[in-house]
Amino acid sequence: MAEFRMPSLGSDMEAGTLIEWRVKPGDRVQRRDVIAVVETEKAAIEIEVYEDGIVEALLVQPGRKVAVGTVMAIIRTEAATEPPVAFEPSSRPEPVKKAAPEKKAAPEPPTIQAPPEAPRIKASPYARRLAAERGVDLRRVEGTGPAGAIGAADVQRTASPTTPEAKPAPPPPAGKPASDSRAAMRRAIAAAMARSKREIPHYYLQTRIDMRRTLDWLAAENLRRPIQERILPVVPLIRAVVLALGEVPELNGFWIDGSHRIAEAIHLGFVINLRQGGLIAPALLNAEEKRLDELMADLRDLITRARSGGLRSSEMTDATITVTSLGDLGVETVFGIIYPPQVALVGFGKIIDQPWCENGMIGVRPILTATLSADHRATDGHRGGLFLDALGRRLQEPSKL
Amino acid sequence: MNSDDIRTVVFEILRRIAPESDPSALDPNENIRQALDIDSFDALNFFVRVNEQFGISVPESDYGGLNTVSEIVGYLSARLG
Amino acid sequence: MTGTEIGLRTLTYRDAVREAIREALQKDERDFLMGEDVGHYGGCFAVSKGLLEEFGPERIRDTPLSESGFVGAGIGAALGGMRPIVEVMTVNFSMLAADQIINNASVYLYMSGGQFNVPLVIRMATGGGRQLAAQHSRCLEGWYAHIPGIKILSPATIEDARGMLWTALEDPDPVLIFENSGLYNMEGTLAADAGPVDIHRARVRRAGRDVSIITYSAGLFKSLEAAQILAAEGIEAEVIDLRTLRPLDEGTFLDSVARTHRALIVDEGWRSGGISAEIASRIMEGAFYELDAPVARLCSLEAPMPYAKHMETAVMPQADRIVDLARRMVGAHG
């Protein structure tokens, strides 16, 4: 039995509003299936499940705002789905008391005999006392406290006959005035960025990269492609970041609880400006497995969904490094702020024709200014420098990207 | 297709890309990348849609000369004959 | 003086302590004040200003810079039948007298088989917030409250500053009075006939139903300020002034927690092993089944007190943090 909890879709998220369930009790789900849509301060996000199994119960009504960590659904995992008969959606896991002694036939090792236990209910002592006095079953009470803890008010709400479940749901977020969600996004960005500047000792490195080879190669490549398959210049940049991370992997990961955790997969967060204002940095998942065409397709998909709604929870939570490109504007250099708990951010400015010396000759070249903002707790400038060096080197051999 | 028809279609495409804006209110010589906050992704989408609507594949090398409504309409008119 | 027609007058906390000393010296000829600079200089915090002229050098006695010596002398005087008020300039310097207080004063009644009480009162300034840095900003009354055999008073209000001394002098055993130096300039009103007050009970300084803020000394005013902000948001905080840290009047705060179901302890002392830990434990022992949220504590950060104003402010409990914590505790369960 597994608990499906309100995920944290960013370091700044405290609570989310359930917009809709995409499953119902009894449905079979697989890891990575979208089972719910949750509205955060930034966007409506499709939430994926991480277990294979059968939806046992949905514990939160659409329209409700619950804290991160609140148990929203119970998934009966494959291991625990022996009796799929006479399944009642509202039934709850049986206490495990009698299971163990009856299991006597096979002398199996004791490791597998314990059936999954019902999740322990977190309730305050006062809430438990009230529930006992009023005959309220705590398993039916929806906790609104931290991590879904049940407080006295939750028990009272359940016990009181004047507030049945049919209580009108709060207005759907779609009805929210735009300024409201914009303000919420501003607050979310403010919280994350203030935390970053408060906690992360940033160091900044900058390098200039001759983009002539890459741009020439890309122009030739795009010329023979139908327009639908053309590749934007940012895509080779992303690919070069991925390859450079292969050389300096410690920039890809997190700083959590005082320790540096290097991630294996590269989930590359890409900063997307939203037309209504604000920004969002969903991840290109497993970017290390993708070549340019796939990256372009993924990026197109990601930007479209970011702007229309429909990002998935893993895209919101899993980014291991962030790339921001302000090259569409006139700016030359980006001094980025790291998105915690990540440890690095790569910034790209506009590619500008500039004088450039190579082999004793001056020529005009399209020059890109690339910057690295990195967390000095996790890495030092030397490693950061190696990364930018690798980045520049990869962009001199576009055909190998 | 006359240039008015072309302009109508161009406006429709722009409205899909920048839904909060009213392209018809633009000065025909205004830089639409700036006026409508069009980034390179939007620009690519724009040319993909132009290709779908008009059957014209605009090569990248021509992008630079297509910054205003009048430049775009003129370019497309010339190629639609 | 103002408000005489309704029997109220305005004075500072410092004035109130001075009045209390004057009253004691007037009422009982066994009472006298001694300490560093209490006479000619008028006291480090000007508490005893003018008293030398009024009572003479026999009863307002300047002492050498030797806390161990003059606190020991105070113990001797008390054993000899006097009722001394010993002023130790600040709690920081009381470390030098800790042997006299902890190893002598607190245990003589026991060591003598019940023969000798030590009717000694020691006053000292305590607390930070005045940019006096690490060595002169300690808040150690909660630490003294660990010791059986002495009583620890913590007057926050002007009424208590005026009224606790006499009651302490009447007590047959050693009593330590901690005056938060940040309060000396505080102005307030006092009844014209204000006099001795009890030293055994905590007081509810503001009634509320949503959360009990348990505090003492200067923390009281930060808590009351926070309660006012919270009230504007619809959160009614009950503010309890402990007044006496030993013996602790747990009945008052346990009753309060039973009503509000949430407890937030605000303590200028440090958290580890501090009085806040003691209060939290008493709540677990005495009101566990009333709790609707974990007991929360706001204490000074566990660091030497910084000199810089903004850092000092950040280290000590402040009203905005109290508001924040209370809001979170209450918000969790509407």
Side-chain angles (χ1 to χ4, degrees), chain A residues 5-6 12-17 41 60-61 63-71 120-134 136 138 141-160 162-163 167 169-170 187 190-191 194-195 197-199, chain C residues 208-212 214 230 233-238 250 253-265 279-298 301-303 310-311 313-315 318 320-321 323-334:
Chain A
R5 292 169 183 272
M6 174 64 78
D12 41 29
M13 174 172 165
E14 289 176 358
T17 304
E41 294 192 323
V60 173
Q61 298 284 323
R64 296 218 56 149
K65 182 172 187 175
V66 297
V68 167
T70 303
V71 178
R120 175 175 152 71
I121 295 165
K122 291 199 186 76
S124 77
Y126 180 47
R128 285 183 186 276
R129 205 188 77 198
L130 273 185
E133 282 169 8
R134 301 188 187 185
V136 173
L138 279 175
V141 179
E142 184 189 326
T144 58
I150 297 170
D154 299 326
V155 173
Q156 278 156 347
R157 208 166 23 242
T158 308
S160 159
T162 56
T163 50
K167 183 180 173 186
R187 275 197 303 277
R195 177 183 157 200
K197 279 281 179 169
R198 194 166 56 238
E199 295 180 2
Chain C
R209 58 164 200 277
D210 295 324
V211 56
S212 301
I214 302 165
L230 289 163
E233 301 174 9
I235 296 172
E236 292 299 335
E238 180 146 304
E250 62 178 34
F253 65 74
L254 292 182
D255 284 353
S256 174
V257 172
R259 270 180 274 118
T260 65
H261 308 289
R262 300 176 185 95
L264 166 60
I265 303 159
I279 296 163
S281 298
R282 303 270 184 120
I283 293 170
M284 297 307 163
E285 291 163 354
F288 179 77
Y289 295 103
E290 300 295 347
L291 287 176
D292 200 22
V295 174
R297 288 189 275 165
L298 179 61
L301 297 185
E302 302 203 6
H310 65 292
M311 291 174 71
T313 302
V315 161
Q318 304 296 351
D320 56 345
R321 292 278 295 124
V323 169
D324 217 38
L325 279 169
R327 206 188 266 147
R328 235 178 291 165
M329 293 174 78
V330 176
H333 293 304

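Lettering follows sequence order; numbering is per chain, from 1.
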Any donor-acceptor N/O pair, C:D292 side chain to A:S124 backbone, under 3.5 Å: no
Distance in Å, C:H261 NE2 paired with A:L130 CG, rounded so as to fall on 0.5 Å steps: 7.0 Å
More than 12 heavy atoms of other groups within 6.0 Å of C:M311 CE: no
Atom pair CZ (C:F288) and CZ (A:R128), whose distance is rounded to the nearest 0.5 Å: 8.5 Å
